[in-house]
K.L.:
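Quick one: the structure is below, and I'll ask about it shortly.
As the structure is a prediction and not an experimental result, all values here were calculated from the model.
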Amino acid sequence: MRWYHSLSLRLLLLFWVLLFAVASSGYLLALWFSKPIAPEPVPTAVQESLAPLLSEVATFRSLTPGRLLAGDYRVAASLAPSGKERLQLDRTLGMNYRATLMRQLEAEQPQQLPLGNLMLLGPFQLEDYRILITRPITPGERQEQVLTERETQRVQTLALLVGSLAISILLGAWLVMPLRRLTQATREIAKGSENPDLRRLPKRNDELGELARALATTAYDLAVSRDAQRRLLSDVSHELRSPLARMQVALMLSQEQDSPEQQANHIDQLGRDLERLSTIIERILSLSRLENGLVQLQTEQVDIRRLATQLIKDLRYVNASQGQRVQFQGDGVWPVSESDPELLRLVIENLVRNALQYSDDDVEISCQTTSNDYTIIIRDHGPGVPDDQLSQLFTPFYRADLSRNHKAGVGLGMALSLRAAAVLGGTISARNHPEGGLEVAVNLPLSEPGNGTEQNGKS
């Protein structure tokens, strides 16, 4: 982050600018509201008292700045029509009030204007000569100056108060309001929101912007984590039903009066399903970790035909009539590929069970192999799925028209198959077969022994 994006530096700069603005506004408002000092005509009595002294041309020309004219009256400036010293100013007054003196010399009529503790009078004119005269201000004039200064101070104080209020409002809108928005967004995250309302805060380049972006990322990560936990619970409960059902059947049959060979067969099936229970739990946990990038996929050589055959045997063990309905179709080559056998079985088994649930006829399973990949196709001969619902088949908890089959599950098998296939580097698609029924195709990459981990390890 660059230095000018720092909130601390920007706050310091803002405080300095605001303080400067308040001070300037106080001065400008004081000038605006305070009563300006305007020149006033010289009283007639003063002009008449000075007339005898200013009526002689020779005397008038001889008056120079600083000369005492009469009483407390002194010459402040003189202006002649020509000559080297055409303009003469009192040294002190010229240093402090030169512009005022020059402006007063150009006035058309005699005026009086306070200059500090003095009152400036003039210009008095005789022929082409002009002079300005000063006298001390009276107590009454001093009192009027004090009142004017007090009024100016009140205006400045009012300006400071208004400026301070403006600073508070500005800071509230620029700093406090974003903090309140962040607090509200935190409460939204606590309630489970994935996209808290942060307004424009994530676009800021300062510390508040960084905090808002981190908060948005945290909200998304928490939502993903919650969804993963819920999905994991649903997956486990969904996948454990099949081996548990077979175990119940095996246990019940082993307790019946069968031959020792049959009992041994039931015990073997029970042992295989116990092992599968452990493996399923491990693979579903691995699937969750793979999807979140916590581990890498571990593959081994898998005979796809043998895996599908064992799956069909397990189905026949639980329900012979259902198992008989699953038939291998075609003479396609079933490959030996490097893959995760349990995740691959999870994909195929869920698709086959789904086909058995929604159809009372045979379910066909076939395989097509190319030089780069292979496709396992599961087709039923049921009523199919409306075209507008095909895209929703792999949505979690989505179930097609329940009136077609009351044995429909909870809507997790297809979604779980899609996720597992994605972890294996493949895809799943579904379509209505032209001759009737639903056809689901699982396309997975084909790898030579030794290269499977690299190809199939993407999630």
K.L.:
Less than 3.5 Å apart, any donor N or O on the side chain of E435 or H381 sitting next to an acceptor on the other?
P.N.:
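On atom types as modelled, these side chains do not qualify, holding no pair under 3.5 Å.
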K.L.:
Could you tell me which non-hydrogen atom of A420 sits nearest to which non-hydrogen atom of L343, and how far apart they are?
P.N.:
CB-O, 4.2 Å
K.L.:
Within the structure provided, determine whether H433 and D380 are in side-chain contact (heavy-atom separation under 4.5 Å).
P.N.:
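A side-chain contact under 4.5 Å is absent here.
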K.L.:
Under a 3.5 Å distance rule, please check whether E188 uses its side chain to pair with a backbone N or O of D197 as donor and acceptor.
P.N.:
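Looks like yes, one N/O pair under 3.5 Å.
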K.L.:
Roughly how far, to the nearest 0.5 Å, is CD1 of I348 from CZ of R353?
P.N.:
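Going from CZ on R353 over to CD1 on I348, the span is 13.0 Å.
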K.L.:
Do L93 and L118 have side chains that approach each other closer than 4.5 Å (heavy atoms only, starting at C-beta)?
P.N.:
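Side chain of L93 against side chain of L118, heavy atoms only: contact under 4.5 Å found.
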K.L.:
Indicate yes or no for a side-chain donor-acceptor contact from Q111 to the backbone of Q104 under 3.5 Å, with no hydrogens or angles considered.
P.N.:
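Between the backbone of Q104 and the side chain of Q111 there is no qualifying donor-acceptor contact (under 3.5 Å).
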K.L.:
Tell me the closest heavy-atom pair linking D340 and T299, and the distance in Å.
P.N.:
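Nearest heavy atoms, D340 then T299: N-CG2, 4.3 Å.
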K.L.:
Which pair of non-hydrogen atoms, one from V385 and one from Q389, has the smallest distance, and what is that distance?
P.N.:
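Heavy-atom minimum between the residues: CG1-CB, 3.7 Å.
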K.L.:
Do F328 and I312 pass the side chain to side chain contact (heavy atoms under 4.5 Å, CB included) test, and can you show the C-alpha distance, the side-chain angles, and the key distance before you say yes or no?
P.N.:
CA-CA 10 Å; F328 286 102; I312 295 175; 3.6 Å; yes
K.L.:
Could you work out, with salt bridge (charged side-chain N to carboxylate O under 4.0 Å, His left out) as the rule, every residue matching R306, not counting sequence neighbours?
P.N.:
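By the salt bridge (charged side-chain N to carboxylate O under 4.0 Å, His left out) rule, R306 matches no residue at all.
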K.L.:
Decide yes or no on side chain to side chain contact (heavy atoms under 4.5 Å, CB included) for L393 and L438, but give the supporting numbers first.
P.N.:
CA-CA 11 Å; L393 284 179; L438 181 69; 4.1 Å; yes
K.L.:
Strictly distance-based, threshold 3.5 Å: is any side-chain N or O of R325 a donor or acceptor partner for the main-chain N or O of D361?
P.N.:
yes
K.L.:
Between the side chains of R316 and D314, is the shortest nitrogen-to-carboxylate-oxygen separation below 4.0 Å, so that they form an ion pair?
P.N.:
no
K.L.:
So, taking the atom named CG in L215 and the one named CD1 in I189, what distance separates them when rounded to the nearest 0.5 Å?
P.N.:
3.5 Å
K.L.:
Hey, what do you get for CD (Q327) to CD1 (I365), rounding to the nearest 0.5 Å?
P.N.:
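Going from the CD atom of Q327 to the CD1 atom of I365 covers 11.0 Å.
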K.L.:
Using every non-hydrogen atom in the two residues, find where P445 and S337 come nearest and quote the distance to one decimal.
P.N.:
O-OG, 3.9 Å
K.L.:
Tell me, do Y97 and L120 make a side-chain contact under 4.5 Å, heavy atoms counted?
P.N.:
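In short, these two side chains do not touch, never coming nearer than 4.5 Å.
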K.L.:
Nearest 0.5 Å, please: how far is CD1 in I137 from CD in Q112?
P.N.:
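Atom-to-atom, Q112:CD and I137:CD1 are 11.5 Å apart.
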K.L.:
Quick check against the 3.5 Å criterion: does R379 have a side-chain atom that pairs as donor or acceptor with the backbone of A355?
P.N.:
no
K.L.:
What closest approach, in Å, do C367 and V333 show between heavy atoms, and which atom pair accounts for it?
P.N.:
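Between these two residues, the closest heavy atoms are SG-O, 3.8 Å.
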K.L.:
With R431, which residues qualify under salt bridge (charged side-chain N to carboxylate O under 4.0 Å, His left out), at least two apart?
P.N.:
E439
K.L.:
So do L446 and T370 actually touch side chain to side chain, heavy atoms under 4.5 Å?
P.N.:
no
K.L.:
Does one side chain, of D221 or T218, offer a donor that lies under 3.5 Å from an acceptor on the other?
P.N.:
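Not at all, the side chains of D221 and T218 share no donor-acceptor pair under 3.5 Å.
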K.L.:
Do the non-hydrogen side-chain atoms of E300 and P341 ever get within less than 4.5 Å of each other?
P.N.:
yes
K.L.:
Apply side chain to side chain contact (heavy atoms under 4.5 Å, CB included) to the pair L87 and L105, showing each step before the final yes or no.
P.N.:
CA-CA 10 Å; L87 174 65; L105 283 171; 3.7 Å; yes
K.L.:
Is there a side chain to side chain contact (heavy atoms under 4.5 Å, CB included) between I304 and L344 once you walk through the steps?
P.N.:
CA-CA 9 Å; I304 310 300; L344 183 56; 3.3 Å; yes
K.L.:
Can you find a heavy atom in the side chain of L182 that is under 4.5 Å from one in the side chain of L211?
P.N.:
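Yes, close enough: below the 4.5 Å cut-off.
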K.L.:
Do Q368 and I377 have side chains that get closer than 4.5 Å, going by heavy atoms?
P.N.:
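Yes. Closest side-chain heavy atoms under 4.5 Å.
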K.L.:
Could you give the distance from OG1 (T134) to CG (N117), rounded to the nearest 0.5 Å?
P.N.:
11.5 Å
K.L.:
Give the minimum heavy-atom separation between S417 and L346, together with the two atoms involved.
P.N.:
OG-O, 3.9 Å
K.L.:
Quick check: do L444 and Y374 have side-chain heavy atoms less than 4.5 Å from each other?
P.N.:
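Yes, close enough: below the 4.5 Å cut-off.
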K.L.:
To the nearest 0.5 Å, what is the distance between CD on Q310 and CZ on R345?
P.N.:
6.5 Å
